[in-house]
Every structure is written in structure tokens, then in C-alpha cells.
2 protein chains.
Amino acid sequence: MNAQPLSGDQRLPIYQRLADILRRDVTEGRLRPGDRVPSDNELSHAYELSPGTVRKALDLLVQEDLFERFHGRGTFVRRPSFDASLFRFFRFRTPDGTKSVPEGRILRRTREKVPSYIARQLKIPEGDAAISMSRLRLIDDVPIVAEEIWLPLQRFEAFLDILTEDVGNLLYPVYDEVCGQLIAKAEESLTAEAASAETARLLRIETGSPVMMIDRLAKGYDGTPMEWRRSRGRADLFHYHTEIR
Amino acid sequence: MNAQPLSGDQRLPIYQRLADILRRDVTEGRLRPGDRVPSDNELSHAYELSPGTVRKALDLLVQEDLFERFHGRGTFVRRPSFDASLFRFFRFRTPDGTKSVPEGRILRRTREKVPSYIARQLKIPEGDAAISMSRLRLIDDVPIVAEEIWLPLQRFEAFLDILTEDVGNLLYPVYDEVCGQLIAKAEESLTAEAASAETARLLRIETGSPVMMIDRLAKGYDGTPMEWRRSRGRADLFHYHTEIR
DNA sequence: TTTCTATAGTTCTATATAGAAGCATATAAG
DNA sequence: CTTATATGCTTCTATATAGAACTATAGAAA
């Protein structure tokens, strides 16, 4: 209730320093996805700032997609959806046109020594053990995407205790519930290649036919790398559309 | 100098109506790329609005990437670069690491009856004549991307009068100078396919090896379709990177 | 139960004002 | 000719204030 002093670099504008504070409140768990952020009024009293300054800070965080505001209801921490993912552009649709989450089937889950490239991506020591998975995503039993997934053992040990059959079609909610790990953002990179014999077998296509390859490094709110994933999908079912200016 | 009334739908907020006016000033050519926009002060006097409201309108247009502001210098209409294009993600680089515009070589330029799919994209009557081009883009004489380009005859007739040898490595400046047509934005869509015999010959790769295919519909400020383009490039030289949240 | 109404909270819009900070140009000083 | 200084412009930050518009809830009325 009492007024708090603004922390942070004095040379920065006040609204940026307030935004930094609220950003940290999220990354350090004091504000969780779905939570209500204190109202403009509450913040302006708590930090003894004019409402316009508070509003500017919140506007910044809304622009960053960290918060979302609802007229008359309040300001909330946005739940990260991964709709913007490149995955969205595989033509994942059932014959009747309804969009649905494709089935996710874990083919293998083992404890392995992590390859050095992936160790660097996940920022764990080379030679450490990690969880390795092979996963297939299907629509109506037709395989669309084959995935290779690596998880750091330290954070995800509990994931080994549950049955792969009990894992649903989405992994990130399981990471949250079983391991307490929240995925907040990710980097993805895309290229195409000719299908290897292994990939062709999984996707039931000809060896050498084109496949899209998407690498994803998923991270927590604080930027810690959480999951590395390489997905290969049939190129003929992939279509990415964008507007440029 | 005198105060002008705000046009537009009375029910909309003032700052949105001012933004609409300025947006139209651009689409209708009263403000051209690179031009200076009247200062906050001039606008607030001209429309009799408080400076805060004017600023909010300009902020909106900056967010849309239509304007850019420079502290102490002024506000300007942004020159559309096409850096965000998917093209950027072909590894266009010379051995010494310096980035450069790849060479553009026009292989063919003819007057053709436009295929119906492209007619629909360009919004011209089916069966109309149009300019058809085949173009190759190379780095150090190594072909990277092969392009098929269609232009509506009506706007681009003057383009037929110049020698293809005189066309430089960039087409859009030529469209502007020779035909007075400004490209402002574009839609692109990306997929991958196996190289046809023709594509393989142009790119000097094996038939059937994977190529990235990018379709682009380029438009003017008012949204009029200007150019349709299909580009095929070696998939092994393509790499797209993005961040999602 | 259902429907209306008042109320207190929220975000959103708009105004007015003041000064800081950055940039470009003209002018003065060396 | 070169360098400093002053000036007038620009955008940027911050405050204070007022009311509109929207939402949820509680309580009254039908």
C-alpha cells in the first residue's frame, strides 16, 4: 500500500524502469500467466507516479505481448500460445475442415548422452545425460511431422516417471504440471532438405523427397533454454504466408 | 495555416481519425517516401488538437512502420525496404563475407496472355496480355534463385521500351523511374518442392533435389496488386530464423 | 426465477502544461 | 579557416486532470 521507490538505472526514463520491474515480476514468478496485473490506479499510487506514466509502461509491455488489457476488466499476464509457430503452417486439418491438435505419439523416450551441438543450444555441460525422445504427429493416423526432442535431465527428471501413453497431444502443459517448467517463448529456424531413409520411413514418403525441417529452442520467461526440438514434415503439406512492408 | 476540421467517422477516437488522414496522405501521394511529416506542433495547430493526441496518432503510424521518428530531427515517411522479405534468408554472400545485392539477369521478357491464376492475383481480366519475365539471380556467377515475374501491361507498358541489359540488379527502382509505380508492401508465401528439370537446369542442381518456392504479390500503398513473382532457390542455401512468443 | 438498475471498479480518450534532450544552422571567437 | 557558442527547432518524458466507455456485481423490482 505504501509508496515504493523506483529501482533501476536512474538515467533511464521512469516508464521504462517501471516496465523493467513488471517484466521481472513475471520472469521471477511473482506474476504468473493469467494473473491480473495491478490496475493503473494501484500502480500509480504504489510508485507515486502519474497515471499517464504508468499507462505508458503498460502499453510497452502490451506491445511486447507480455501483457494484455481488457477495457473495463483489467490488465493480465498473457498466456503464451504458440499459434505463431511455424508449425501452424503445416496443413493440419481433418477431412471435415475442423482444425484440431494433431495426435502426438511418443515412439521412444530414453536417457542419452547429449550431442555436443545440442548441449551448446541447451547450455548444459557437454557429455551430460539428457532425455531424448522420438515423437510422431499424425492426423487420422497419417504421419505429418516427425520430431526429435532433447530435454535437460536436471529440470525434467520427473518427466521420466510418467508413462508415455499418459502423455497427451501437447507436451508443454505436461512440462508445467509434472516438472513445474513453464515455456514462455522460443526461437525457430526453418530450412528444407531431402528426406533421409529414416525420415522417409517415419513419414511414409519416398527417400529423397523434400521435407521441411524446423529447429526450435524453447525457453522460459527468464530466457533459460528448456527444450530443443527438430521437426521434419512433408513439404507438400507446408505453406507459410506472411506480409512484408 | 488555418485550422482544418477533422474528417472521418465521428464515432472513432480523434487520434484514429488523424491517423486515417495521414495514412491517406501517403496512399494518395501527398506524402511520399522520405518526405518529412509536419511536426507535432504544426499538426496540433492545424487541426486544433492537443499535442498529446497528435503524438498518439503518430505513434500509431510509427507502430505500423509507415512513419519513422528521429529525436530532434523530425518525423518522416518510411522508405519501404524489403529487408524483411523471405529472400533475405537465402545465404546471399560473397566469399569475403560482405553482403551485397545479388546480380539480377533477365533471361526473357515477352508479352504473353496471362494465366488465369495470376490474373486473379493481379486482379486483371482473364485473357489479358501482360509482361512475362524470366530472371536469374546470381552471386559470383553462381545461380541462387530463378524467378518468374508477371506485370500488368497497363501500368508497366513503358517497361517494354527499355533494354533488358540496362536493367540493374533491383527491379523496384526501375518500376518507379520508368513507370512511376511505387511498391509499398507485399505478401509472400513459402513452401518447398522437388526441382523440376527446368528449375534444375537454371540452378545447376540435380532434378528432384529440394528447392524453396516463394510466391510474392507486391502492392502499392493503396493495396493495388502490382507484380506477381514466383522464385525458386536452392534449399541448401536457405535458412529462415524467427522468434515466437 | 428473471430482469432491470445502480454502483464502483476498470481501461480508454483527450486536454493542458512544463521541461529535458537531441539536432541543425547561424553567428561569434580564435 | 576552424572551432566554439547561441538559438530555435524537433521529439521525448512526465505530470495533473476530467470525463467517456466498458464490465462485473449487488440489490431491487417484476
Side-chain angles (χ1 to χ4, degrees), chain A residues 1 3-23 25 31 34-79, chain B residues 1 3-23 25 31 34-79:
Chain A
M1 209 44 105
Q4 302 165 44
L6 258 192
S7 57
D9 191 333
Q10 304 282 20
R11 294 167 304 180
L12 290 174
I14 298 175
Y15 77 95
Q16 284 192 29
R17 281 154 64 196
L18 176 57
D20 287 344
I21 289 172
L22 294 171
R23 225 181 271 111
D25 282 345
L31 284 173
D35 280 1
R36 238 202 79 194
V37 178
S39 74
D40 295 16
N41 241 316
E42 290 171 309
L43 287 171
S44 77
H45 280 100
Y47 292 96
E48 289 187 322
L49 301 174
S50 96
T53 304
V54 170
R55 178 148 255 273
K56 199 166 177 181
L58 292 181
D59 280 349
L60 193 63
L61 296 169
V62 167
Q63 240 189 298
E64 289 175 13
D65 265 343
L66 188 65
F67 288 175
E68 50 187 343
R69 321 190 73 173
F70 299 95
H71 192 168
R73 285 211 296 132
T75 306
F76 301 83
V77 181
R78 191 173 152 275
R79 289 198 167 81
Chain B
M1 213 41 107
Q4 302 165 45
L6 259 193
S7 56
D9 191 333
Q10 304 281 15
R11 295 166 303 180
L12 290 173
I14 297 175
Y15 77 95
Q16 283 192 29
R17 281 154 64 195
L18 177 56
D20 287 343
I21 289 172
L22 294 170
R23 225 182 271 111
D25 283 344
L31 283 174
D35 280 2
R36 238 203 79 194
V37 178
S39 74
D40 294 15
N41 240 315
E42 292 171 307
L43 288 171
S44 77
H45 281 101
Y47 292 97
E48 288 187 322
L49 301 173
S50 95
T53 304
V54 170
R55 179 148 252 274
K56 199 167 177 181
L58 292 181
D59 281 349
L60 192 62
L61 296 168
V62 167
Q63 239 189 298
E64 290 175 12
D65 263 343
L66 188 65
F67 289 174
E68 51 187 343
R69 321 190 75 173
F70 299 94
H71 192 169
R73 286 211 296 132
T75 306
F76 301 83
V77 181
R78 191 173 152 275
R79 288 198 168 81

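No experiment lies behind these values; they were computed from the predicted model shown. Just so it is clear: chains get the letters A, B, ... in the order the sequence lines come, proteins before strands, and each one is counted from 1. All values below were derived from every heavy atom in this structure, side-chain atoms included, with hydrogens, water molecules and symmetry-related copies excluded.
One N or O on the side chain of R17(B) and one on the backbone of S7(B) form a donor-acceptor pair closer than 3.5 Å. A donor-acceptor pair under 3.5 Å is formed between the side chain of E42(A) and the backbone N or O of S39(A).
For dT10(C), neither phosphate oxygen OP1 nor OP2 lies less than 4.0 angstrom from any side-chain nitrogen or oxygen of R69(A). Distances shorter than 4.0 Å separate none of the side-chain N or O atoms of K56(A) from OP1 or OP2 on dA14(D). Within the structure, a side-chain polar atom (N or O) of T53(A) is placed less than 4.0 Å from OP1 or OP2 of dT15(D). An OP1 or OP2 oxygen of dA14(C) is reached within less than 4.0 angstrom by no side-chain nitrogen or oxygen of S50(B). Under 4.0 angstrom from either OP1 or OP2 of dT10(C) there lies no side-chain N or O belonging to T75(A).
Surrounding CZ of R79(B) are at most 12 heavy atoms belonging to other residues, nucleotides or ligands under 6.0 Å away.
Of the candidate nucleotides dT11(C), dG22(C), dT15(D), dT15(D) has the atom nearest to the side chain of I14(A). Here the side chain of P51(B) is nearest to one of dT17(C), dT15(D), dT11(C), namely dT17(C).
In this structure, L49(A) atom CG and dT17(D) atom P are separated by 15 Å, rounded to whole Å. One interatomic measurement links the two molecules: CD of E42(B) to C1' of dT11(D), which rounds to 13 Å at whole-angstrom precision. Put simply, CD on E48(B) is 16 Å from P on dA14(C), counting in whole angstrom units. A straight line from CG of N41(A) to P of dA8(C) spans 15 Å, rounded to a whole angstrom.
Here the straight-line distance linking atom CG of L49(A) with atom CD1 of I14(A) works out to 6.0 Å at 0.5 Å rounding.
Among the heavy atoms of the strands, none lies under 4.0 Å from R17(A). Here R36(A) lies in heavy-atom contact (under 4.0 Å) with sugar-phosphate atoms only.
A salt bridge is defined here as a Lys NZ or Arg NE, NH1 or NH2 lying under 4.0 Å from an Asp or Glu carboxylate O, and R69(B) with D40(B) meets this definition.
Nearest-nucleotide assignment on DNA chain D puts the 5′-proximal partner with Y15(A), out of Y15(A) and R73(A). Between F70(A) and G52(A), the residue whose closest nucleotide on DNA chain D is further toward the 5' end is G52(A).
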